[in-house]
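In what follows, a structure is listed as structure tokens, so that the remarks can point back to it.
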Number of protein chains: 2
Amino acid sequence: MRGEDRRELIMQAAMKVFGDYGYVGATTAQIARAAGVSQPYVVQAFGTKEQLFLAVIERALQSLLGAFARVVESDRDAPVGPEHPTLSARLGAAYVDQLNEPGLLLSLMHAFVLGKDHTIGPAGRGGFMQVYRYLRDAAGFSPEEVRAFLAEGMLINTMIGLRMIDEFDTDADARELLAGSFERKLDQVRRLAADSASPPR
Amino acid sequence: MRGEDRRELIMQAAMKVFGDYGYVGATTAQIARAAGVSQPYVVQAFGTKEQLFLAVIERALQSLLGAFARVVESDRDAPVGPEHPTLSARLGAAYVDQLNEPGLLLSLMHAFVLGKDHTIGPAGRGGFMQVYRYLRDAAGFSPEEVRAFLAEGMLINTMIGLRMIDEFDTDADARELLAGSFERKLDQVRRLAADSASPPR
DNA sequence: GTCCTTAGTGATCGAACGATAACTTATCTC
DNA sequence: GAGATAAGTTATCGTTCGATCACTAAGGAC
């Protein structure tokens, strides 16, 4: 296989494993297993574990911004009116759709709590601010609207990171919280979560 | 020193170190150094690193709920009117005040992204739902209000985890985002962040 | 058909980490 | 004051992990 294609497979596997176990918790051996290659190859293909993580974060960010851009693009000729979804709602749906790429939002979230790290910190801050500026400048949100939108996103990340959906059948309050968080996307998220039921480490 | 007092010191040190480096990234040796004891004593005093982390999470949760309870308690005879802060604003201020205990909110946040872990996951979900129920039932919020409040909290956690305040002097957009996130508490948070400037690992 | 580049593996190394064991010191009890 | 108990340390062990090294196989160029 071509090197670049193999690197692509490794990156997808890494995204998933980093999302599940965090930057420190994930091991290159786990990633290698998930990608179907040997452990040294994972390291050699990206230099170091840290560089692989940074590549995953960068990829995740570009995926998110690309999805937002497609929504904003199509917003020009979208119908308006009380019965049509707002731009904010459509961007929110695009955000939740990122869950289709396993580990994408969670890898970002793991980066967001490692701001103290001298390498990951700047990357995380820069990425977050890139999203902030895009929503404000390209989507036309006010600073207050951006903040509210991002806050909803961070709550969604937390619900996913906590695997709160595991409590859906057993806790009515969790059900209430999840329903409010995902709204029309709830069933889709439930299906995705069911597919990725925890395998053994 | 009495064992219980020493355990208290270790727990505070652990809260700080876990907040900085995460559950996996933090080492018992770092915690020991921060607490002024030997590494084996940290382990022996709490059984395992995992049990120490769970104790930290439990402590953090009780601190948060206690602060909320004091606000709700004092809310009965609080003045109302347009020029007085709402209950939500006062609870938000109590939340930000938790930053006075180093690592408290961040240790919680680290637990919130480890939902896959068979031990930390249930503890994190249970703790989060405990806060949810308290805000809804004791503070009298509607489900929608609780969700919005928690979302703001998760954004605050993200700002802290990213150390976004480090960009305050260099990035006007970060300044704008931080001003919206912390409002009247911004100066207080800035002072706290300046105090805990990153020491070497 | 030889040569060189690319893709990839197996073996292994050194460092770091959590945990355990054995020991020391101080305090309190009878 | 002997003996027990609690507090805490030093030394060390086994495991795990990221990284490195040496090697092999495949394929294209000439």
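Chain letters run A, B, ... following the sequence lines, proteins first, then strands; residues in each count from 1.
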Proximal nucleotide (of [options]) relative to the [X] side chain:
X: B:Thr27; options: C:dT9, C:dA21, C:dC17; result: C:dC17
X: B:Thr48; options: C:dC17, C:dA19, D:dT9; result: C:dA19
X: B:Gln39; options: C:dA19, D:dG18, D:dG8; result: C:dA19
X: B:Val43; options: D:dT10, C:dG18, C:dG8; result: C:dG18

- Query: Is NZ or CZ of A:Lys49 both nearer than 6.0 Å to the six-membered ring centre of A:Phe18 and within 45° of the ring axis?
  - Reply: no
- Query: Do A:Arg190's NZ or CZ and the ring of A:Phe168 fall within the cation-pi criteria of under 6.0 Å and 45°?
  - Reply: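 Flagged: A:Arg190 positioned over aromatic ring of A:Phe168.
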- Query: Any sub-3.5 Å donor-acceptor pair from A:Ser74's side-chain atoms to A:Val71's backbone N or O?
  - Reply: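 Present.
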Give the minimum heavy-atom separation between [X] and [Y], together with the two atoms involved.
X: A:Ala13; Y: A:Ile31; answer: CB-O, 3.8 Å
X: A:Ala45; Y: A:Ile10; answer: CB-CD1, 4.2 Å
X: A:Thr28; Y: A:Val42; answer: O-CG2, 4.2 Å

- Item | Distance test, side-chain N/O of A:Thr28 to OP1/OP2 of D:dG18, below 4.0 Å |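 The answer is yes; a side-chain N or O of A:Thr28 sits under 4.0 Å from OP1 or OP2.
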- Query: Reckon A:Tyr41 has a side-chain N or O less than 4.0 Å from the OP1 or OP2 of C:dG8?
  - Reply: yes
Would you kindly give the [atom1]-to-[atom2] distance between [X] and [N], to the nearest whole Å?
X: A:Lys49; N: D:dA19; atom1: NZ; atom2: P; answer: 8 Å
X: A:Glu50; N: D:dC17; atom1: CD; atom2: P; answer: 18 Å
X: B:Arg33; N: C:dA16; atom1: CZ; atom2: P; answer: 11 Å
X: A:Phe46; N: C:dG8; atom1: CZ; atom2: P; answer: 12 Å
X: A:Gln44; N: D:dA19; atom1: CD; atom2: C1'; answer: 11 Å
X: B:Phe18; N: C:dG18; atom1: CZ; atom2: C1'; answer: 12 Å
X: B:Glu4; N: D:dA7; atom1: CD; atom2: C1'; answer: 14 Å

- Note on the structure: By nearest-heavy-atom nucleotide on DNA chain D, the more 5' of A:Ala29 and B:Val37 is B:Val37
- Salt bridge or not for A:Asp171 and B:Arg125, using N-O below 4.0 Å? no
- Message: Short of 4.0 Å, heavy atom to strand atom, which residues of residues 5-14 of chain A count as contacting DNA chain D?
- Response: none
